[in-house]
Amino acid sequence: MKELVNKLKGDRVIWSFVALLALFSFMPVFSASSNLAYIGHGTGNTLGYLVKHLAHICIGFMIIYWVHKVPYHYFRAISKIALPVVWILLLYTLLKGTVIAGANASRWIQVPFIGITFQTSTLASIVLFIYVARYLSKTKEENEPFQTSFVQLWIPVFITLVLILPANFSTTALIFSMVMMLTFIGKYPLKYIGFIIGSGIAMLAFFLLVAKAFPESRFFSRVATWESRITNFTTDKPDEDDYQIEKAKIAIASGRLGGLGPGKSVQKNFLPQSSSDFIYAIVVEEYGLVGGVSILLLYLLLLFRFVIASHKANTLFGKLVVVGLGFPMIFQAMINMAVAVELLPVTGQTLPLISSGGSSIWMTCFALGIIISVTKKDEEIVEEQQEKERRKEALQRLIDKELAEEDLPVDEREEIRGEIYEGEPMYSIEDNSRNPMNAVLNK
């Protein structure tokens, strides 16, 4: 076990927080999956869901380990190549996506021959954030005109968002907000950021107008759901989403300070998404306010560690990569918890590393692997600098000893050299005899 830990490079604190969140996830997932077990095969046996979650977590940590071994600057070039591939996947998902659990939006594609469903928007967000970080770091010293940056930066951003928007508004809004934050941190001109925000709002308004004109089109089928969720959030009109929120609030109220105990949740039998979207409500019901606040603090500490990792990064690209991949993870967790307590409308965002799921866990782990790779690079640089200092000090000691020897007689000098080389034979080209060949013949 110690050897395995020693092989883990990078920020050990991030490793620890990720491991804590993953370990904690097993109890609420095991408990909250009973609803799925009754619906799926009518037995209520959640062991299969626990084993499945264990497999997802194990694969996720393997992804972190493999990715953190790759130098993070490799992803700089990969993002430019991967972005068109992501657009193709998003378009395919929009046209041929798979509907899961009765959802009226196609957000997933099924991997051939394996049968695993994959949400392409999660991969698209990671690639897009790295691409934006690459562009901002490349143009740090260059004052490119807005027309050039619009073509190279904002057109790829808008293409990605347009392909995600019809199926997932909350993810689109989260990605757009994080891109704006990333450009602000990257010191992109504020007047251009304001113009882009206005353009984004105008494009969303145009999309809604077209959706009103063609309400029967499958590309605009989610617009009615968005409107109903916002309406239900601002009013007391009951519907399916309001039912979920009410059950989540009952679960939270039942937990009180210490909770009902592990596995003793009642509302897990009534919440449709108890193991994914509303798992935080189950956590609070079973572990009380103490458990809910502890999870919140873990995410906040992880955010604080991301800030430290970004500050320590030696390149602007590394700083922006940590911010672009780490902050959305924490904001997604905050959104999930805010929905459970009805501070935000229902969005469908999962709780990273705790909610059950395959592709969401793996993509979170992929992003964490890149972040740890940034910290690992800094760690290696520090080790190389320390090694250079040690070599410099050793060389200086040898030089000082050689200079001290020059003031000694020849016999004492040869004796000291013999001690340095631990009795190894000394060879010298110095000739003190009359025969010039003796220096060679005698040796």
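Quick note: residue numbers are just sequence positions, from 1. Note that the structure is predicted; figures quoted are calculated from it, not measured. What you see below is based on every heavy atom in this structure, not just the backbone, and it leaves out hydrogens, waters and symmetry mates.
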Between the side chain of S373 and the main-chain N/O of V70, is any donor-acceptor distance below 3.5 Å? yes

Evaluate the criterion side-chain contact (heavy atoms from CB on, under 4.5 Å) for residue pair F306 and I14; output intermediate values, then yes/no. CA-CA 8 Å; F306 288 155; I14 294 178; 4.0 Å; yes

Side chains of I164 and L90: does their closest heavy-atom pair fall under 4.5 Å? yes

I354 vs Y280 side-chain heavy atoms within contact, under 4.5 Å: no

Are the side chain of D277 and the backbone of N336 linked by a donor-acceptor contact shorter than 3.5 Å? no

Once the angle between the rings of F150 and F158 is folded into 0 to 90°, is it parallel (under 30°), tilted (30 to 60°) or perpendicular (over 60°)? tilted

Taking K268 for its side chain and G263 for its backbone only, find out whether a donor-acceptor pair lies under 3.5 Å. yes

Verify, without hydrogens or angle tests, whether K249 (side chain) and V341 (backbone) share a donor-acceptor contact under 3.5 angstrom. no

Pairs flagged by side chain to side chain donor-acceptor pair (under 3.5 Å) wherever residues 175-199 is involved - sequence neighbours left out: S149-Y188, W154-Y188

Please check this pair: side chain of S355 against backbone of T350, looking for a donor-acceptor N/O pair closer than 3.5 Å. no

CA sep, side-chain torsions, deciding dist, call: I130, I370, side-chain contact (heavy atoms from CB on, under 4.5 Å): CA-CA 10 Å; I130 298 175; I370 298 175; 3.7 Å; yes

Using a distance-only test with no angle check, is there a side-chain donor-acceptor pair under 3.5 angstrom linking S275 and S356? yes

Establish, for the pair R76 and F317, whether the NZ or CZ atom is under 6.0 angstrom from the six-membered ring centre and no further than 45 degrees off its axis. yes

Give the intermediate values and the outcome of side-chain contact (heavy atoms from CB on, under 4.5 Å) for residues K52 and S33. CA-CA 11 Å; K52 186 178 180 180; S33 298; over 6 Å; no

Heavy atoms from other residues, nucleotides or ligands near CZ of F195 exceed 12 (cutoff 6.0 Å): no

Supply the atom-to-atom distance L320 CG to Y135 OH, rounded to the nearest 0.5 angstrom. 13.0 Å

Counting N and O atoms only, with roles assigned by atom type, does the side chain of S16 sit under 3.5 Å from a partner on the main chain of R12, one being a donor and the other an acceptor? yes

I'd like to check M334 versus I330 (side-chain heavy atoms, cut-off strictly below 4.5 Å). Are they in contact? yes

Pairing donors with acceptors under 3.5 angstrom, does anything connect the side chains of S121 and T171? no

Check R390 with E393, please: is the shortest side-chain N to carboxylate O separation under 4.0 Å? no

Is it true that a side-chain atom of S25 and a backbone atom of A22 form a donor plus acceptor pair closer than 3.5 Å? yes

Please enumerate all residues that pass ring-ring contact (aromatic ring centres under 6.0 Å, His included) together with F129, with sequence neighbours excluded. none

Verify, without hydrogens or angle tests, whether T172 (side chain) and N168 (backbone) share a donor-acceptor contact under 3.5 angstrom. yes

Distance alone, cut at 3.5 Å: any donor-acceptor contact between the side chains of Q267 and S274? no

Check whether the side chains of S265 and E285 place a donor and an acceptor atom closer than 3.5 Å, and report yes or no. yes

How about I88 and P84: do any of their side-chain heavy atoms sit closer than 4.5 Å? no

